[in-house]
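Encoded as structure tokens, the structure appears first; notes follow it.
Nothing here was measured: the structure is a model prediction, and the numbers come from that model.
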Amino acid sequence: MENLTHTGETAFLLKFDGKMTYAFYRELEDRVIDAMRRYKRLEIDLSKVTEIDLCGLHLVGLLLTAGIIVATSDVVERASRSLIGTLHAAAHGCAPRSEHASINLQPVCS
């Protein structure tokens, strides 16, 4: 999943391989936070990511606060564009109804 390689005096390369999904989120987040505490500057390589979901995209956002992305995969690019497009459309009120959040309040019977 994550291969850590030292790339110089001040930068630390985080290399992700495989899935960045809910199933692996806690493990990846712990390693990322540890790297953020230990190194001033991170370089992030996402070129080997094969699957990403909303949790993985959240992790990418966290990574961007501490470093720069030096490589991405097509999977990451498509997911990022899709999320940004949906958020932009929803903010302007033009997202299809299925993409709007909805709440269905019903009484709970015990």
Side-chain angles (χ1 to χ4, degrees):
M1 276 169 281
E2 184 174 339
N3 179 18
L4 305 178
T5 309
H6 192 15
T7 61
E9 292 293 317
T10 60
F12 191 77
L13 178 64
L14 288 174
K15 215 174 206 184
F16 291 84
D17 186 356
K19 298 178 180 182
M20 288 183 76
T21 60
Y22 174 78
F24 304 102
Y25 183 79
R26 179 59 62 199
E27 176 186 347
L28 294 174
E29 182 186 46
D30 289 345
R31 291 181 182 181
V32 165
I33 289 172
D34 181 55
M36 290 171 74
R37 287 181 179 144
R38 296 172 65 195
Y39 301 96
K40 292 181 182 184
R41 192 170 137 254
L42 302 175
E43 292 180 353
I44 300 105
D45 181 345
L46 304 172
S47 62
K48 304 273 190 205
V49 172
T50 58
E51 185 178 340
I52 192 165
D53 63 9
L54 191 56
C55 290
L57 288 172
H58 178 265
L59 192 58
V60 170
L62 177 64
L63 287 164
L64 286 173
T65 65
I68 58 168
I69 294 177
V70 296
T72 64
S73 68
D74 289 340
V75 170
V76 174
E77 289 291 327
R78 282 193 307 273
S80 297
R81 279 195 303 270
S82 177
L83 177 64
I84 290 170
T86 301
L87 291 173
H88 180 68
H92 294 287
C94 38
R97 185 71 182 147
S98 64
E99 294 181 10
H100 286 282
S102 63
I103 298 174
N104 186 5
L105 300 175
Q106 297 179 356
V108 177
C109 300
S110 28

Show me the pairs that pass side-chain hydrogen bond (donor to acceptor under 3.5 Å, both in side chains) and involve residues 48-58, at least two apart or across chains. Tyr25-His58

Decide yes or no for Met36 and Thr65: does some side-chain heavy atom of the first lie under 4.5 Å from some side-chain heavy atom of the second? yes

Measuring from Leu62:CG to Glu29:CD, what's the distance to the nearest 0.5 Å? 6.5 Å

If only atom types and distance count, is the side chain of Ser73 paired as donor or acceptor with the main-chain N or O of Val49 below 3.5 Å? yes

Would you please name every residue forming a salt bridge (charged side-chain N to carboxylate O under 4.0 Å, His left out) with Arg41, sequence neighbours left out? Glu43

Atom pair CG (Leu54) and OG1 (Thr21), whose distance is rounded to the nearest 0.5 Å: 12.0 Å

dist Arg26:CZ -> Cys55:SG (nearest 0.5 Å) comes out at 10.0 Å

Are Val75 and Leu64 connected in the hydrophobic side-chain network, where two residues link if heavy atoms are under 4.5 Å apart? yes

Residue pair Phe16 / Val32, side-chain heavy-atom distance below 4.5 Å: yes

Between Ser80 (side chain only) and Val76 (backbone N and O only), is there a donor and an acceptor less than 3.5 Å apart? yes

How far does CG of Leu28 sit from CG of Leu14, to the nearest 0.5 angstrom? 10.0 Å

Residue that, paired with Val70, satisfies side chain to side chain contact (heavy atoms under 4.5 Å, CB included) out of Leu42, Asp45, Ile44: Asp45

Between Ile69 and Leu63, is any pair of side-chain heavy atoms under 4.5 Å apart? no

With heavy-atom distances below 4.5 Å as the criterion, would you say the side chains of Ile52 and Val60 are in contact? yes

List for me each residue that meets salt bridge (charged side-chain N to carboxylate O under 4.0 Å, His left out) alongside Arg37, sequence neighbours excluded, and say none if there are none. none

Should the heavy atoms of other residues, nucleotides or ligands under 6.0 Å from CG of Asp74 be counted, would the total exceed 12? no

